[in-house]
Every structure is written in structure tokens, then in C-alpha cells.
Amino acid sequence: MASFDQMDLSSVNAFPVLADSTISQTILGFHSSVFSNSVSKKKPGKFDDVRSNGWLDAMQSSSPPRKKMVKDIAIELASDDTDVVYYSWMLKYPSALKSFHHIVNRAHKKKIVIFLDYDGTLSPIVDDPNRAFMSIDMHTAVKGVAKYFPTAIISGRSCDKVYELVGLTEISYAGSHGMDIIFPAKDTISINHTNYIRSTHKQGKKVNLFQPAREFIPVINEVFRILVEVTKDIPGAFVENHKFCTSVHYRNVDEKSWPIIAQRVHDVLKDYPRLILTHGRKVLEIRPLIDWDKGKAVEFLLESLGLSNINDVLPIYIGDDRTDEDAFKVLREGNRGYGILVSSVPKESKAFFSLRDTFEVKEFLKSLVKWKEQMSATDK
Ligand SMILES: O=P(O)(O)OC[C@H]1O[C@H](O[C@H]2O[C@H](CO)[C@@H](O)[C@H](O)[C@H]2O)[C@H](O)[C@@H](O)[C@@H]1O
């Protein structure tokens, strides 16, 4: 990996098309700096754009169905079938819990570094994004891990929001899909770039900030305001501003209105060619068209924390979403470490291992803490 001095940070501002991303993305029209009149509230039935560009298909497949309650024999059989498919899938993506010894054996004499996605990984997916809290047990597990291993949370949410939800000062955070990085200050770091700032955190601690999409803050604010306006009459629609990206949630929108919300977002974004749309779990994510993602954030953090030597370091990244695939890819392709996909349904992934849900994530983190404590005790 290149050092910071060697890293081509200028490319960050050159607006290249995101290369080889596994994320479904759409590059959109031309900018109009004013609150655009072209954002018409189209009548239902006129949704050709979002049908032909695949947005609707992506929306329909954007989140696994919640597990059915087993109420009668017919459903029980269906559920057994689902399990057979899941267990077959696990031959390719073995359980990280069952493979725990394999994982820690690979970490022999190496420093484990932990990267954690937030929604769907540390907190279960819930209807209200403002109520996606970690359980007390999960909080204890993350705190435990952070005590022994360098740890970072990498999320689509804003850094401030993730910090508010996690509340640990000893770890690093990368919000807005890696475009808002905050990590503990170290005197040894020398990054000479306008997007790098040394700052003082709310808690009074010195920190480093790296924000490769800083110049997009005004345009994200503008688009956020427009999206709030054009979706306000759609019951259940909810728009979030993450500072460097913005999200339009449709989890609580009647499925009949999905074409309406998709078309409205599409019409807004036609005017912003420097923004792209990606699909998350029942959410449309609008972000800057820059060559930066969660994978780049992982590389950046490893470098900046002095943990980029693959002979000494084993990074482990746990995540559930399409955006986490960029990080899995970085770890797999560099043969650097392990991606662990959190999923209760079979999915193609660049991860090596799987965990079924947030409960298993917590068990895995607790196992790491226990293993480290046992190792430290035997070393004495
Ligand atoms: O990268 P992540 O930490 O996984 O963040 C991705 C998005 O997570 C949040 O939305 C998702 O979780 C919500 C709460 O469970 C759920 O209601 C929503 O449907 C999911 O898409 C967050 O609100 C988004 O802004 C993030 O981009």
C-alpha cells in the first residue's frame, strides 16, 4: 500500500467514475444550481426512468425478508428448505464462530485490527433509523474488543451520529461510507493534504480528521433540502443528511409508492452529475462521485494507524451491506485479512466467513476478547 505521501490524493478531487464497484450505481444528469423546476411531482404510471434503469428491481431486492414466524407445518417445511439452502451457502462462507480457531491461528504473532459496520451488524435493522441502538451486551463486547485491538466503526451514517450511538472515544470512526474519518491523533502522522485536519473532538481529545469529499458539503445540503421537499407528501418517506451523503429511506413507504419515490429522487439527481446513487437496505443513498468508499477508508486507517504491514497485521471487517463489499474486496484481494458477512440469507460476497445476525456478531466479538485474555494470561 502506498504511504500517505505517495497516495494519489489528488485523484480524490478528480471525480473519476467509481472503479469496479460491486455497488449498483447510476451516474446522473446535469447540474442546475437553483432549486430545480424540473423536479416535477410526476403522476403514478409515468415511471419509465426508474423501471428501465433497474432502480425498482434493486429496491425490491434491497433487504432480506424478515424470517417468517413458524406457525404451521406448511411454513415449517418451507423454513426447513430455507435452512438447507442456507447451510449449503455456508459451505462457501463458513461460520466465523465455527471457524474461530482457524481465524485466530492465522493471527498468530500478528496484531488483529477490527473494522465494524454499524446498522445490521452492531444494531439490528429496525423501522426507525433514529432508534437503531446497540444492546448493552453488544456495547460491552465492542468496548472489550477496543480494549485489546485497534478498532474502527465504518458506517454510512454521519460520523457524529455513529459516535452518538457508540460513544467510545478510544476507537476510530469512518462515517458517510468512509468519507468522514476521525481517528486518534498521533504525532508521527504526516499527511499534507487539504482534506486532512488536526482537530479537537467534543470530548477535548486531539484527533485527526480526513474528509476527502469536503467540497461537496454545500451540494449535499442543497440536495438534502430538495429531497425533503419532494418527498414530504409520501407517507413514511424519511430523508437523512449525513454531511457528505444523504439517504432517502423507503422502508416505511407503501410498496405501491416506491416507483413514485424512486422517480422523484431520479428527477432531482438528473441535475447533479457529480452525485451518484447507490442502493442500501430499503434506502437510496446519494453520494459524491469520487473514488472513495469503505474499502479505501480501511486502507487509509490501516496506513494512518501504522498497521499496513500485512506480515504483522490481520484486519477483520464485519458488515452486512452492499457498501461493505468494497472493504471485503480490499482484504480479499490483498490477501490481507478476513471479511465476515452478516446475513441470514444466502448472498454472493467477497467476504470469507459469515455470521447470521447481530447476536452472532456479539458472540464472535466476545470470543475474541476471551481468546486475547487467555493468551495474555498464558504469556505471563
Ligand atoms: O453502513 P451502515 O452503518 O450499515 O449504515 C447504512 C445505513 O444504515 C441506516 O439505515 C439502515 O438501518 C436503519 C435502522 O435499522 C433501517 O431503518 C434502514 O432501513 C436501513 O437502511 C441509516 O439510517 C442509513 O442512513 C445508512 O446509510
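Note that the structure is a prediction, hence the values are computed from the model and not measured.
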> Within the distance-only criterion (no hydrogens, no angle test), does the side chain of Ser176 pair as donor or acceptor with the backbone N or O of His242 below 3.5 angstrom?
Replying inline: yes

>> Set out, in order, the CA-CA distance, both residues' side-chain angles and the distance that settles side-chain contact (heavy atoms from CB on, under 4.5 Å) for Phe149 and Lys111, then state yes or no.
In response: CA-CA 7 Å; Phe149 312 102; Lys111 183 176 258 198; 6.0 Å; no

> Taking atom types as modelled, is there a side-chain donor on Thr278 or Glu285 under 3.5 Å from an acceptor on the other?
Replying inline: no

> Which is it for Glu240 and Thr246 under the side-chain contact (heavy atoms from CB on, under 4.5 Å) test, yes or no, and what are the steps along the way?
Replying inline: CA-CA 6 Å; Glu240 277 181 297; Thr246 179; 5.6 Å; no

>> Could you measure the distance from the CD1 atom of Ile316 to the CG atom of Leu331? Nearest 0.5 Å is fine.
In response: 9.5 Å

>> Looking at every heavy atom in both Ser367 and Leu97, which two are closest together, and how far apart are they?
In response: OG-CD2, 4.3 Å

> What residues form a side chain to side chain donor-acceptor pair (under 3.5 Å) with Glu170, not counting sequence neighbours?
Replying inline: none

> Once the angle between the rings of Phe210 and Phe300 is folded into 0 to 90°, is it parallel (under 30°), tilted (30 to 60°) or perpendicular (over 60°)?
Replying inline: parallel

> Is Asp326 paired with Lys350 through a side-chain N to carboxylate O contact shorter than 4.0 Å?
Replying inline: no

>> For the CD1 atom of Ile261 and the CD1 atom of Ile234, what is their distance to the nearest 0.5 Å?
In response: 4.5 Å

>> Do Glu325 and Ser349 pair up side chain to side chain, a donor and an acceptor below 3.5 Å, judged on atom types alone?
In response: yes

> Closest heavy-atom contact between Cys245 and Met179?
Replying inline: CB-CE, 4.3 Å

>> Apply salt bridge (Lys or Arg N to Asp or Glu O under 4.0 Å) to residues Glu373 and Lys370 and explain how you reach the verdict.
In response: CA-CA 5 Å; Glu373 285 173 349; Lys370 202 168 151 197; over 6 Å; no

> Is any NZ, NE, NH1 or NH2 atom of the basic residue among Glu229 and Lys232 found under 4.0 Å from an Asp or Glu carboxylate oxygen of the other?
Replying inline: yes

> Are any side-chain N or O atoms of Ser95 and backbone N or O atoms of Lys98, one a donor and one an acceptor, separated by less than 3.5 Å?
Replying inline: yes

> Does Lys282 reach the side chain of Trp258, with side-chain heavy atoms less than 4.5 Å apart?
Replying inline: yes

> Which residue, Leu168, Leu301, Asp180, forms the side chain to side chain contact (heavy atoms under 4.5 Å, CB included) with Tyr173?
Replying inline: Leu168

> Are Lys161 and Glu164 ion-paired here, with the side-chain N under 4.0 Å from a carboxylate O?
Replying inline: yes

>> Checking Ile154 against Tyr317 for the side-chain contact (heavy atoms from CB on, under 4.5 Å) test, could you report, in this order, the C-alpha distance in whole Å, the side-chain angles of both residues, the deciding distance, and whether it holds?
In response: CA-CA 9 Å; Ile154 317 268; Tyr317 186 109; 3.8 Å; yes

> If you round to the nearest 0.5 Å, how far is SG of Cys159 from CD1 of Ile153?
Replying inline: 10.5 Å

> Going through the distances and angles, do Asp160 and Lys243 end up as a salt bridge (Lys or Arg N to Asp or Glu O under 4.0 Å)?
Replying inline: CA-CA 10 Å; Asp160 285 351; Lys243 192 167 177 182; 5.7 Å; no

>> Looking at Trp89 and Lys347, would you say the former's side chain and the latter's main chain have a donor-acceptor pair under 3.5 Å?
In response: yes

> When Phe353 is tested against each of Tyr338, Phe364, Phe328, Tyr93 for ring pair (Phe, Tyr, Trp, His ring centres under 6.0 Å), which residue passes?
Replying inline: Tyr338

>> Quick one: does any side-chain atom of Asp357 pair with a main-chain N or O of Glu360 as donor and acceptor, under 3.5 Å?
In response: yes

> Do the numbers put Arg287 on top of the ring of Phe244, so that NZ or CZ is under 6.0 Å from the six-membered ring centre and no more than 45° off the axis?
Replying inline: no

> What distance do Leu302 atom CG and Ser172 atom OG have between them, rounded to the nearest 0.5 Å?
Replying inline: 10.0 Å

> How far does CG of Leu368 sit from OG1 of Thr151, to the nearest 0.5 angstrom?
Replying inline: 9.5 Å

Please tabulate, for side-chain N and O atoms in residues 115-125, each donor-acceptor pair with protein atoms closer than 3.5 Å (sequence neighbours left out).
unit_1 : atom_1 : unit_2 : atom_2 : d
Asp117 : OD1    : Lys294 : NZ     : 3.1
Asp117 : OD2    : Thr121 : OG1    : 2.9
Tyr118 : OH     : Ala132 : O      : 2.8
Tyr118 : OH     : Met134 : N      : 3.4
Asp119 : OD1    : Arg157 : NE     : 3.4
Asp119 : OD1    : Arg157 : NH2    : 2.8
Asp119 : OD2    : Arg157 : NE     : 2.6
Thr121 : OG1    : Asp320 : N      : 3.4

> Between the side chain of His139 and the main-chain N/O of Val166, is any donor-acceptor distance below 3.5 Å?
Replying inline: yes

>> Would you say NZ of Lys110 has more than 12 non-hydrogen atoms from neighbouring residues, nucleotides or ligands within 6.0 angstrom?
In response: yes

> Ile286 and Leu227: side-chain contact (heavy atoms from CB on, under 4.5 Å), yes or no, with the steps?
Replying inline: CA-CA 10 Å; Ile286 293 99; Leu227 290 170; 3.9 Å; yes

> Taking Asp321 for the side chain and Gly280 for the main chain, is one N or O donor matched with an acceptor at less than 3.5 Å?
Replying inline: no

> Looking only at heavy atoms, which two atoms of Ala96 and Ile340 are closest? And how far apart?
Replying inline: CB-CD1, 3.7 Å

>> If you compare all heavy atoms of Ile290 against all heavy atoms of Pro212, which two are closest, and at what distance to 0.1 Å?
In response: CD1-O, 4.0 Å

> Taking everything shown except Phe359 itself, do over 12 heavy atoms lie less than 6.0 Å from its CZ?
Replying inline: no

> Got a second to check how far Asn335's CG is from Glu333's CD, nearest 0.5 Å?
Replying inline: 11.0 Å

>> Restricting to side chain to side chain donor-acceptor pair (under 3.5 Å), what partner residues turn up for Asp312, sequence neighbours left out?
In response: Asn309

>> Looking at Arg264 and Asp233, is any side-chain nitrogen of the basic one under 4.0 Å from a carboxylate oxygen of the acidic one?
In response: yes

> What is the minimum heavy-atom distance between Ser308 and Arg336, and which atoms define it?
Replying inline: O-NH2, 4.0 Å

> Are Tyr250 and Glu255 linked by a side-chain donor-acceptor pair shorter than 3.5 Å?
Replying inline: no

>> Is it true that, when you exclude Leu91 itself, more than 12 heavy atoms of the residues, nucleotides or ligands shown sit nearer than 6.0 Å to its CG?
In response: yes

> Taking the side chain from Ser257 and the backbone from Val253, do they hold a donor-acceptor pair closer than 3.5 Å?
Replying inline: no

>> Do Met138 and Lys143 have side chains that approach each other closer than 4.5 Å (heavy atoms only, starting at C-beta)?
In response: no

> Got a donor-acceptor contact below 3.5 angstrom from the Asp293 side chain to the Lys296 backbone?
Replying inline: yes

